[in-house]
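Sequential numbering from 1 along the given sequence is applied to the chain's residues. Source: prediction; values computed, not measured.
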Amino acid sequence: MIPSGIDVAGMVKRIREDILHIDIPIQHALQNINLYLFLGEYPALIDTGPYHPLLEGIIVEALRFAGIEGLAFIYLTHSHIDHSGMAARMRRMTGAKVATHRYERPRVEHVDERLREEYACYSSMSARMGFPEEIASQIFNLASVWISLSEPCPVDIRLGGGERVRAGDHELEVVHTPGHTAGHVCYYLAREGLLFSGDHLMRTITPNPELYCPPWRGNMTGLTQFLDSLRLLEDYDVRHAYPGHGRAVHKVQKRIEMNLVHHERRLAKTREAVDKGCRTVWEVALRLFPQVRNKPPDVDHFLALKEALGHLLILEEQGAVQRGNEGELWVFTTT
Ligand SMILES: [Zn+2]
Ligand SMILES: [Zn+2]
């Protein structure tokens with residue numbers, strides 16, 4: 001099932017005696033995907049990675065390496081395919097019940113329909129954001145690629161945040177941390193001060209805020225929620241955070257503070273960009289992320305656009321910029 005030469009044992013590390021970290025390298029800027037396996041009475045996996053036959057083989061081997069035949073639970077941090085694409089497959093193979101926040105359920109259960117709808121909606125917003133058609137059309141056609149890396153998965157347990165769930169011989173508190181997606185959750189092992197933080201808190205990068213399309217509860221961006229969700233973690237005694245990508249975070253409160261400062265600076269840069277004459281979301285995106293300017297169209301262009309929009313909308317809410325219309329186009333000016 002796995003080509004020879006792949007060292008699965010080398011991908012499995014031990015965080016605690018009964019908690020394993022499966023570290024899967026990927027050819028992407030994110031560099032790796034982290035899954036966490038709890039051993040004990042209720043064997044459980046946090047996140048599954050995307051659907052891919054090679055990855056499936058790695059997870060099966062990792063379970064065998066850990067001496068596990070089935071799983072009681074699969075806990076998803078959120079519905080992005082790099083975390084949930086393999087959930088249906090693993091559910092069938094291991095008999096696990098799949099748990100995710102109720103807001104993530106539609107995208108987990110109907111990933112193909114939802115991604116097509118979302119990408120069509122993004123595409124329809126391009127003109128408003130001044131996003132060039134030739135870039136938008138290439139990027140928004142990628143929905144079919146994401147769909148091929150996932151499979152719709154029935155959700156057995158809908159989480160809401162605040163409840164305690166079983167993993168191995170532990171109880172984890174579900175912490176609702178919206179922003180990167182509406183139903184992103186972290187799983188907190190209070191007794192040990194460990195937080196399994198998905199894409200919410202990572203060691204070297206900050207996650208992209210969700211672009212809600214169509215707007216969700218009146219919001220287009222998840223950025224405000226994301227910043228609130230970061231502040232929420234300041235109330236937890238987290239000693240180590242284990243993210244969905246990258247290495248563990250050990251100075252957790254410092255990392256939270258750094259992320260908050262980072263967004264303050266980006267807000268200031270966004271305002272400065274508008275001040276200096278960037279009028280559209282895309283013009284601001286290019287000012288904030290000049291490195292995308294000369295790249296062939298890829299997902300980084302869209303991530304830059306979402307970041308710019310998120311910060312512009314916060315500034316609009318604060319009254320620091322205002323949004324007008326020129327035909328279809330949104331035009332921003334400082335107040
Ligand atoms: Zn994500
Ligand atoms: Zn991710």
Side-chain angles (χ1 to χ4, degrees), residues 34-36 38 44-48 73-84 87 97-111 114 118 153-167 170-202 205-213 215-245 249 252-253 255-257 259-260 263 306 310 313-314:
N34 298 318
L35 316 181
Y36 300 97
F38 288 71
L45 187 65
I46 293 185
D47 285 343
T48 66
F73 301 108
I74 291 171
Y75 295 113
L76 301 176
T77 57
H78 62 300
S79 59
H80 285 159
I81 56 112
D82 55 326
H83 298 258
S84 66
K97 288 187 169 24
V98 171
T100 192
H101 191 279
R102 61 179 191 275
Y103 296 156
E104 302 295 288
R105 185 185 60 81
R107 196 151 53 184
V108 173
E109 289 194 334
H110 308 286
V111 59
R114 290 300 292 237
E118 284 169 19
C153 177
V155 171
D156 304 291
I157 302 168
R158 297 177 197 187
L159 304 171
E163 60 269 77
R164 286 170 205 285
V165 295
R166 291 187 173 266
H170 298 283
E171 270 197 353
L172 302 175
E173 180 186 333
V174 180
V175 186
H176 184 205
T177 48
H180 177 59
T181 63
H184 188 289
V185 295
C186 297
Y187 297 96
Y188 180 50
L189 176 50
R191 214 175 48 198
E192 311 258 341
L194 307 185
L195 186 80
F196 297 88
S197 55
D199 281 356
H200 181 57
L201 187 72
M202 292 176 278
I205 51 175
T206 57
N208 206 247
E210 182 82 295
L211 169 56
Y212 294 119
C213 203
W216 187 73
R217 299 186 173 183
N219 269 331
M220 271 185 289
T221 175
L223 185 56
T224 312
Q225 291 174 314
F226 170 72
L227 297 174
D228 289 343
S229 298
L230 273 180
R231 291 186 195 104
L232 175 80
L233 290 186
E234 291 177 333
D235 297 337
Y236 287 78
D237 181 23
V238 182
R239 295 191 281 279
H240 308 281
Y242 290 95
H245 308 282
V249 184
V252 176
Q253 295 304 335
R255 180 69 193 147
I256 292 170
E257 204 180 303
N259 283 0
L260 290 168
H263 281 286
K306 288 202 282 182
L313 292 177
I314 288 185

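- Under the 3.5 Å distance criterion, with hydrogens and angles disregarded, no donor-acceptor pair is assigned to the side chains of Asn259 and Thr206.
- Of the possible polar contacts, one joining the Glu109 side chain to the Val155 backbone as a donor-acceptor pair under 3.5 Å is found.
- Residues His176 and Tyr103 form a side-chain contact, since some pair of their non-hydrogen atoms from C-beta on lies under 4.5 Å apart.
- Atom NE2 in His83 sits 10.0 Å away from atom CG in Leu76 (nearest 0.5 Å).
- Considering every non-hydrogen atom in both Val98 and Pro154, the closest pair reads CB-O, 3.9 Å.
- Ring geometry, His180 versus His184: the interplanar angle exceeds 60°, so the pair is classed perpendicular (tilted spans 30 to 60°).
- Taking CD1 from Ile256 and CG from Leu227, the interatomic distance works out to 12.0 Å, rounded to the nearest 0.5 Å.
- Residues Glu118 and Arg107 approach most closely at OE1-NH1, 3.0 Å, considering heavy atoms.
- Contact detail for Pro106 and Arg102: the closest heavy-atom pair is CD-O, 3.6 Å.
- When all heavy atoms of Arg158 and Glu163 are compared, the closest pair comes out as O-OE2, 4.3 Å.
- Annotation for Tyr212 and Ala182: closest pair OH-CA, 3.4 Å, computed over non-hydrogen atoms.
- Side chain of Ser197 to main chain of Gly244: no donor-acceptor pair is present (N/O by atom type, distance under 3.5 Å, no hydrogens or angles).
- Taking the six-membered ring where tryptophan is involved, the planes of His80 and His78 are perpendicular, since the angle between them exceeds 60° and thus also 30°.
- Judged purely by atom type and a 3.5 angstrom limit, Arg105 has no side-chain atom pairing as donor or acceptor with the backbone of Thr100.
- Shortest non-hydrogen contact noted between Gly222 and Pro209 is C-CB, 4.1 Å.
- Residues forming a side-chain contact (heavy atoms from CB on, under 4.5 Å) with Ser229 (at least two apart in sequence, or on another chain): Thr177, Pro178, His200.
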Quiz item: For Leu172 and Phe38, what are the C-alpha separation, side-chain angles and deciding distance, and is it a side-chain contact (heavy atoms from CB on, under 4.5 Å)?
Solution: CA-CA 11 Å; Leu172 302 175; Phe38 288 71; 4.1 Å; yes
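- Note: Thr77 OG1 to Asp82 CG = 8.5 Å, rounded to the nearest 0.5 Å.
- Within the 4.5 Å cutoff, the side chain of Met220 has heavy atoms near those of the Pro215 side chain.
- A donor-acceptor pair is defined here as one N or O able to donate and one able to accept, closer than 3.5 Å; no such pair exists between the side chain of Tyr236 and the backbone of Ala190.
- Every residue meeting the side-chain hydrogen bond (donor to acceptor under 3.5 Å, both in side chains) condition with Thr181, not counting sequence neighbours, appears here in chain and number order: Glu104.
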Practice problem: Under the side-chain contact (heavy atoms from CB on, under 4.5 Å) rule, what do Ile74 and Thr48 come out as? Steps first, then yes or no, please. | Solution: CA-CA 8 Å; Ile74 291 171; Thr48 66; 3.6 Å; yes
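- Atom CG of Asn219 sits about 8.5 Å away from atom CG of Leu313, to the nearest 0.5 Å.
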Practice problem: Could you please spell out the steps behind the side-chain contact (heavy atoms from CB on, under 4.5 Å) verdict for Leu195 and Val252? | Solution: CA-CA 10 Å; Leu195 186 80; Val252 176; 5.8 Å; no
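- Between Tyr75 and Tyr187, the two ring planes are tilted [angle within 30° to 60°].
- With hydrogens and angles disregarded, no donor-acceptor distance shorter than 3.5 Å links the side chain of Asp47 to the backbone of Leu35.
- Under a 3.5 Å cut-off, the side chain of Asn34 and the backbone N or O of Pro243 do form a donor-acceptor pair.
- Here the NZ atom belonging to Lys306 is positioned 11.5 Å from the CG atom belonging to Leu223, to the nearest 0.5 angstrom.
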Exercise. Output, in order, the C-alpha distance, side-chain angles, deciding distance and verdict of side-chain contact (heavy atoms from CB on, under 4.5 Å) for Glu210 and Gln225.
Key: CA-CA 10 Å; Glu210 182 82 295; Gln225 291 174 314; over 6 Å; no
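- We find the CD-OH distance between Glu171 and Tyr188 to be 13.5 Å, quoted to the nearest 0.5 Å.
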